[in-house]
Amino acid sequence: MKKLFHISPFGRTRLTRVLLIITVLTVLLAIPTFFWMRDFNKQLAKRHNSPRSPLIMVPGSSAGPNRFDRLVKKLNDGAPHRHSYMKMKVYNNGKITYSGSIAKNDNEPIVVIAFQNNHDGYNNIKKQAKMLNKAFSQLCSEYSFNNFKAFGHSNGGLIWTYWLEHYYQDYDDEITMKRLMTLGSPFNFSERNVKNKTQMFSDFLKYRKRLPKDLIVYSLMGTETYDSDGLVPEESVEAGKYIFQKQVKHFTMMTLTGEDAQHSSLPQNEQVVQAINQELLDDAPTVDKKNGNYPKVKKATMP
């Protein structure tokens, strides 16, 4: 029988060297992959087992990272365990700065994410949602948590809504937004007639199927006058029901009255403090309903 091919001694030596080089390269490539997979799995396990559940706040237009200082102080004044408080600011060039810190053993810290670009308008809201995503991604990589609660005042609620529809799907396999509370958020900007849809409102409606089905949403609005909080029309806040209703697990609207019901004063409103304690925070103070520690909030719950 004829040999199909013949390898000379020199050829065999060369082939052996090539196979050896390939083997060495494979091993060298496998080593960092092994350690990367090991560290990645450790991070996943750490996140999966973490008891931490932060409350992440986003302010509205023209506001900075200090916007919620008074609100956080009020929350901490009555808290059974003090919430550590950290503020992040995202700059237009992508830089992120921090102030404050998250305590190692704090399972429910409060984090504020603010932006250098804090201007009004739909185009800016889309940019701010992208900046929010950058900060959120960095927050996830530095602090292990598998769920969180969100709060947004005014345009902050719009930023969270846009983020949910366009970025949340990148995280929902590992991290769950349990509850969202918007405060005086104008889902249809200054329009009083829901039939006059702004581009933003139309887009919110277009992508509402992307909203997480297990999310619980609260929409709060102030009533300084009969039909607005002095800035945002009541009808624009109520337009949120067309976005969230029948898309999320529960959607509840709350009306705030009395002192600090004006738009810019809403974050200091005692009823807002009550609502956050009762509906957002897991580690909230016990409310003495008999003596009425908090003023009542008018609710309208929708599926």
Side-chain angles (χ1 to χ4, degrees), residues 55-64 67-68 71 110-115 117-122 124-133 135-136 148-168 177-191 194 198 200-205 207-208 210-212 215-223 228-245 247-248 250-256 261-269 271-272 275-276 279-280 297 300 302:
L55 169 59
I56 305 176
M57 298 179 163
V58 175
S61 59
S62 302
R67 180 66 176 93
F68 298 122
L71 171 59
I110 296 176
V111 179
V112 172
I113 300 177
F115 318 102
N117 172 11
N118 58 3
H119 303 300
D120 198 4
Y122 185 34
N124 286 313
I125 286 169
K126 289 188 282 188
K127 292 176 183 177
Q128 290 151 7
K130 185 176 181 180
M131 297 167 87
L132 168 61
N133 190 58
F136 185 83
F148 70 103
K149 290 85 64 175
F151 177 86
H153 174 232
S154 193
N155 282 8
L158 309 180
I159 295 167
W160 273 124
T161 304
Y162 190 92
W163 183 85
L164 278 170
E165 293 187 345
H166 295 274
Y167 295 98
Y168 178 65
M177 180 191 283
K178 293 167 61 177
R179 297 181 287 277
L180 167 67
M181 181 176 289
T182 64
L183 177 62
S185 296
F187 293 99
N188 201 23
F189 280 140
S190 60
E191 287 292 340
V194 73
T198 62
M200 179 185 69
F201 183 47
S202 296
D203 287 348
F204 282 160
L205 294 175
Y207 296 108
R208 60 184 172 171
R210 296 179 180 178
L211 294 169
L215 179 65
I216 297 173
V217 180
Y218 303 92
S219 175
L220 280 62
M221 64 179 176
T223 54
S228 81
D229 60 12
L231 181 64
V232 174
E234 181 179 320
E235 295 85 354
S236 184
V237 177
E238 290 181 337
K241 66 185 178 183
Y242 298 104
I243 301 167
F244 294 104
Q245 194 174 348
Q247 304 301 320
V248 299
H250 292 296
F251 175 71
T252 302
M253 294 196 67
M254 302 183 186
T255 302
L256 311 174
Q262 193 272 339
H263 185 78
S264 61
S265 300
L266 284 172
Q268 290 78 247
N269 188 299
Q271 294 173 84
V272 173
I276 293 175
E279 314 296 351
L280 283 188
V297 181
M302 307 169 191

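In what follows, residues are counted from 1 in the order of the sequence shown. Computed from a predicted structure; not experimentally measured. Hydrogens, waters and symmetry mates play no part in the numbers below; they use all other heavy atoms, side chains included.
The aromatic ring centroids of F151 and F68 lie less than 6.0 Å from each other.
Looking at heavy atoms from C-beta onward, L256 lies in side-chain contact with L266 at the 4.5 angstrom threshold. Residues R210 and H166 meet the side-chain proximity criterion, which asks for heavy atoms closer than 4.5 Å. Side-chain contact between S154 and L183 is absent, with no heavy atoms from C-beta onward closer than 4.5 Å. Between T198 and Y122 the shortest side-chain heavy-atom distance does not fall below 4.5 Å. Between L180 and L164, the closest side-chain pair of non-hydrogen atoms falls below 4.5 Å. Looking at S185 and V237, their side chains never come closer than 4.5 Å, going by heavy atoms from C-beta outward. M253 has its side chain within reach of E238: a pair of non-hydrogen atoms, C-beta onward, lies under 4.5 Å apart. With contacts defined as side-chain heavy-atom distances shorter than 4.5 Å, the pair M57/I113 does not qualify.
Interatomic distance, Y162 OH to Y207 OH, rounded to the nearest 0.5 Å: 7.5 Å. With values rounded to the nearest 0.5 angstrom, I110 atom CD1 is found 10.0 Å from L280 atom CG. Here OG of S190 is found 11.5 Å from CD of E235. Values are rounded to the nearest 0.5 Å. If you take CZ on R179 and CG on L55, they are separated by 9.5 Å, rounding to the nearest 0.5 Å. Annotation: the span from S236 atom OG to M221 atom CE amounts to 11.0 Å, rounded to 0.5 Å. Rounding to the nearest 0.5 Å gives a distance of 15.5 Å between CE of M131 and NZ of K126.
The main-chain N or O of I276 is never found under 3.5 Å from a side-chain atom of Y218 such that the two would form a donor-acceptor pair. T161 places a side-chain N or O within 3.5 Å of a backbone atom of G157 that can act as its donor or acceptor partner. Although no hydrogens or angles enter the test, the distance criterion places a donor-acceptor pair under 3.5 Å between the side chain of H153 and the main chain of H263. Formation of a donor-acceptor pair under 3.5 Å by the Q247 side chain with backbone atoms of Y242 is not found in this model. Proximity of a side-chain donor or acceptor of S219 to a complementary backbone N or O of T182 within less than 3.5 Å is not detected.
Contact record, M177 with A150: CE-CB, 3.7 Å, taken as the closest heavy-atom pair. Residue L132 comes nearest to I159 through the heavy atom pair CD2-CG2, 3.8 Å, listed as atom of the first residue, atom of the second, then distance. Looking at every heavy atom in both residues, Q128 comes nearest to H119 through NE2-O, 3.0 Å. Of all non-hydrogen atoms in L71 and P267, the two that sit nearest each other are CD1-O, 3.3 Å. Of all the heavy atoms in F187 and F201, the pair that sits closest is O-CB, 3.4 Å. Scanning all heavy atoms of the two residues, the minimum distance from V232 to G184 falls at CG2-O, 3.8 Å.
Relative ring orientation between F251 and F244 is described as parallel, the plane-to-plane angle staying below 30° on a 0-90° scale split at 30° and 60°. Relative ring orientation between F148 and W163 is described as perpendicular, the plane-to-plane angle rising above 60° on a 0-90° scale split at 30° and 60°.
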- request: Could you please spell out the steps behind the side-chain contact (heavy atoms from CB on, under 4.5 Å) verdict for F189 and D120?
  value: CA-CA 10 Å; F189 280 140; D120 198 4; 4.0 Å; yes
field: I243/L211 under side-chain contact (heavy atoms from CB on, under 4.5 Å): CA gap, chis, key distance, verdict
entry: CA-CA 9 Å; I243 301 167; L211 294 169; 4.1 Å; yes
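Only one option out of N118, N155, N117 pairs with N124 in a side-chain hydrogen bond (donor to acceptor under 3.5 Å, both in side chains); it is N117.
Residue-environment remark: NZ (K178) exceeds the threshold of 12 foreign heavy atoms within 6.0 Å.
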